[in-house]
Each structure stands twice: as structure tokens, then as C-alpha cells.
2 protein chains.
Amino acid sequence: MPASSRAPARVKDRPTWLVSRLFARSSGLLADGFEAHGGGLRSYHYRLLAALEEWGPASQADLGRATGIDRSDVTAVLSELESRRLVGRSADPGHGRRNIVTITAAGAEQLRELDAVVDGVQERLLSPLTAAQRRQFVALMSKLLADGSAPPTG
Amino acid sequence: MPASSRAPARVKDRPTWLVSRLFARSSGLLADGFEAHGGGLRSYHYRLLAALEEWGPASQADLGRATGIDRSDVTAVLSELESRRLVGRSADPGHGRRNIVTITAAGAEQLRELDAVVDGVQERLLSPLTAAQRRQFVALMSKLLADGSAPPTG
DNA sequence: TACCAGTCGTTGGCGCGGCCAACACCCGTG
DNA sequence: CACGGGTGTTGGCCGCGCCAACGACTGGTA
């Protein structure tokens, strides 16, 4: 199963490689969980459902901006969610083109299931670490991401 | 530039999300570096060149196993490397179907350039961390990956 | 009022990394 | 000889992340 744990020495110890492998493991666990308990939904669906529950009904463009998902992908994924009745699309009165997307009760229910799946994956992903190490790990990643695109201090 | 730093609260603090964002940043830096100084090569090319230099001439199937890259992708990427004269393919005498792939002098030269690019990316990726924190971070990731697919101890 | 800039949803496409299936070919073994 | 297995190749699929372009629509300004 561990497809590409193998690599040349100059590759396999570099942080970028470790990040890549860790992402592979993380996304693999998520994919497994979603497949098993998510009814074939993927991370895009989860992100959009979560955004709708957190911020309430919104237009597709707003959803895209809120989640960082491209407008075109939002359209496609919402269509899938809509066909499963997890989401509703209705025209914005007073603004012809815009849609108002709402999460349905079934959607909120599905979101809770996905939340449980995602929580379980966190646990499985971090299981080799102690609680203190997990906090360290999260703190280090947060620091990398926060200061990563740091302004030129000028 | 930071496309999807945005996310619902229930998403954006989870380790799997941080890993995903960190991977996005890491692979973005690598793509930028390869585009700028790698002549349009990508990570597959780098992995294969590195494997060839580390383990010497090998068949395509062996390269695939050594790097975790699928045989079909190895074929395609080697063709690109061959057309740039970074790699040579020759028939294995005494084994009709098998090829023996060799890195050329130009390939070794290109590999050194890519090494420099990749080293630079490590530095940029980890720049927010102190040396001690970098060691911690690498150690934590290694632990996650080593024990991640741990056998059931039974 | 007429025009222009900008937004919105949608379609269609691309790239990368990672896969799988099928095929023709070749090998070693029984 | 027949067979199983490795080998290289072609072609396709998926998920995630993008981009371009279009018609429909809006708001602001001349």
C-alpha cells in the first residue's frame, strides 16, 4: 500500500519530501474515510457544507471566496450536493443572476457525519505523537504557514 | 497569491488542513523553482535523475520500484528526459524487452542544478523556523511517517 | 439615456501527481 | 512446447487546483 515511500537518498530526507509524503498519507486517510462513511463525497463537498453551516446561506461566488475553491469547481460540486438534496439553490430576488445556496437538514446531518470522519482521521494521522508533540507539530505548521508569505518587513 | 488560505473554522485548524496547506506551499515553491531554473522539468524528472545517479543504470521497471513512480509514468518521463539528452536508453543485451537507462553527463549536470533549486526551496520553506525548530519539525514528520503505517504489533 | 466596468454562474479546458488495465513481447521454468 | 511472470508502452481515470471565455446581469458615470 505505501506506494512511494521509496525514494533516492537525496530526496527522501528533505523536508519538502516529508511534507509531500505526509500529505499523501493525510489525504489518503481522508479519502478512505469519506469513501467509507461519506457516501462518495470528497473534500470539496465537505468544505462547502462547512462554509454554508458556518456562515449561512451565501452566493456561489461568496462560497468560492470563503473557501478558496474556484468558482467553476463550486458550480460543479454544488450541483452534486444539490442532486443529493444536501443543499438548495434558489434565485436571489432583486439580483437576477445570483444564486442563494442553503444547506438542507439532510446536508447538516451529512456534515455532522463528515465531521466525525474528519475527527477520526486527525486521530489516526497524529496517533504516533504524544499530546505535547501534537501541539508542537501544529504550532510549527501554523508558524510555517503564517510567516511563510511574510511581507518584506520594509 | 495565497489562494486557499481561507476556510471554515472547523476546517482551518485541523492538522489535515495544515498539512494540505503546507503541501500546497511546498509544491508551489518547488514548481516555481523548477520553472525558473529547471528548464521546465518537474518533480518526476528530478526523482528519476536522482535515482539514476544514486543507483546507477537501471531498467525502467527497477526505476519505478525504486522511486515509487508507476511504470507508465516512468516511460513517459524518461522519454522527455531522453529527448533532452539527459538520459540514455539502450537495450539490455541478453534480455530483449528490458531497457537499460543511463544518466548522461548533461543529465548529471542538470541534476546538480535541480539539487541547488531543491535545497533553496528547503530553506525558503523552513525560513520561519529556528534551527532547533527545524530539527523538531523534521523529527515529528519522520515519526508520523515511520509509525504511521505501523504493523498491528500482534 | 447610453455606455462601460464589473460581477455571477456556467462550460470547457489544462497541469500535476498518482493510479489501473490491457497489450505485445520476452524470459525462465516446468 | 506451454505457461506464468516480468517488461515497456499506450491510453485512460481521478482529485485538486487553476484559467479563459461566455451570456446574463448589475451599478455607476457620462
Side-chain angles (χ1 to χ4, degrees), chain A residues 1-7 11 16-17 19-21 23-32 34-35 38 40-48 58-65 67-80 82 89-101, chain B residues 1-7 16-17 19-21 23-28 30-32 34-35 38 40-48 58-65 67-80 82 89-101:
Chain A
M1 286 297 180
S4 37
S5 320
R6 302 151 284 176
V11 167
T16 45
W17 178 252
V19 168
S20 156
R21 289 311 92 199
F23 171 72
R25 173 158 173 77
S26 169
S27 56
L29 289 174
L30 285 173
D32 290 350
F34 281 175
E35 188 183 2
L41 299 180
R42 292 155 294 155
S43 82
Y44 272 14
H45 305 89
Y46 177 64
R47 281 204 244 167
L48 287 176
S59 73
Q60 300 186 189
D62 283 344
L63 282 173
R65 280 184 290 265
T67 58
I69 299 176
D70 190 87
R71 300 207 314 275
S72 58
D73 299 317
V74 170
T75 295
V77 172
L78 283 185
S79 295
E80 296 175 16
E82 191 180 27
R89 270 197 266 223
S90 56
D92 183 339
H95 193 122
R97 197 109 185 101
R98 185 152 44 207
N99 286 340
I100 295 182
V101 184
Chain B
M1 284 296 182
S4 38
S5 320
R6 301 150 285 176
T16 46
W17 177 253
V19 167
S20 155
R21 290 310 93 200
F23 171 73
R25 172 157 174 79
S26 170
S27 57
L30 284 173
D32 291 349
F34 281 176
E35 188 183 1
L41 300 181
R42 293 154 297 155
S43 80
Y44 272 15
H45 304 89
Y46 177 65
R47 281 203 244 168
L48 287 176
S59 73
Q60 300 186 190
D62 283 344
L63 283 174
R65 280 185 288 266
T67 58
I69 300 175
D70 189 88
R71 301 207 313 275
S72 59
D73 299 316
V74 170
T75 295
V77 172
L78 283 184
S79 295
E80 296 175 15
E82 192 181 27
R89 267 199 268 223
S90 56
D92 184 339
H95 195 121
R97 198 116 183 95
R98 183 151 48 207
N99 287 339
I100 294 181
V101 185

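Chain naming here is simple, since letters A, B, ... match the order of the sequence lines and numbering starts at 1 in each.
The CD1-C1' distance, from B:I69 to D:dT7, rounds to 17 Å in whole Å. In this structure, the OH atom of B:Y46 is 17 Å from the C1' atom of C:dG17, given to the nearest Å. Summarising the geometry, the separation between CZ on B:F23 and P on D:dG15 is reported as 16 Å, rounded to the nearest angstrom. With rounding to whole Å, B:D92 atom CG is found 10 Å from C:dG28 atom P. Remark: C1' of D:dG8 and CG of B:L48 are 14 Å apart, rounded to the nearest angstrom.
In this structure, B:L63 CG and B:L78 CG are separated by 6.0 Å, a value rounded to the nearest 0.5 Å. To the nearest 0.5 Å, the span separating CG on A:D62 from CD1 on A:I100 amounts to 10.0 Å. With values rounded to the nearest 0.5 angstrom, A:R65 atom CZ is found 6.0 Å from A:S59 atom OG. A distance of 4.5 Å separates CZ in A:R47 from CD1 in A:I69, rounded to the nearest 0.5 Å.
Contact between A:V11 and A:W17 at its shortest, heavy atoms only, is O-CB, 3.1 Å.
In this structure, A:F34 and A:Y46 have tilted ring planes: the angle between them lies in the 30° to 60° band.
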Seminar exercise, completed: Its contact letters, B for base, S for sugar-phosphate only and - for none at protein heavy atoms under 4.0 Å, make nucleotides 3-16 of chain C read -----BBBBB---S
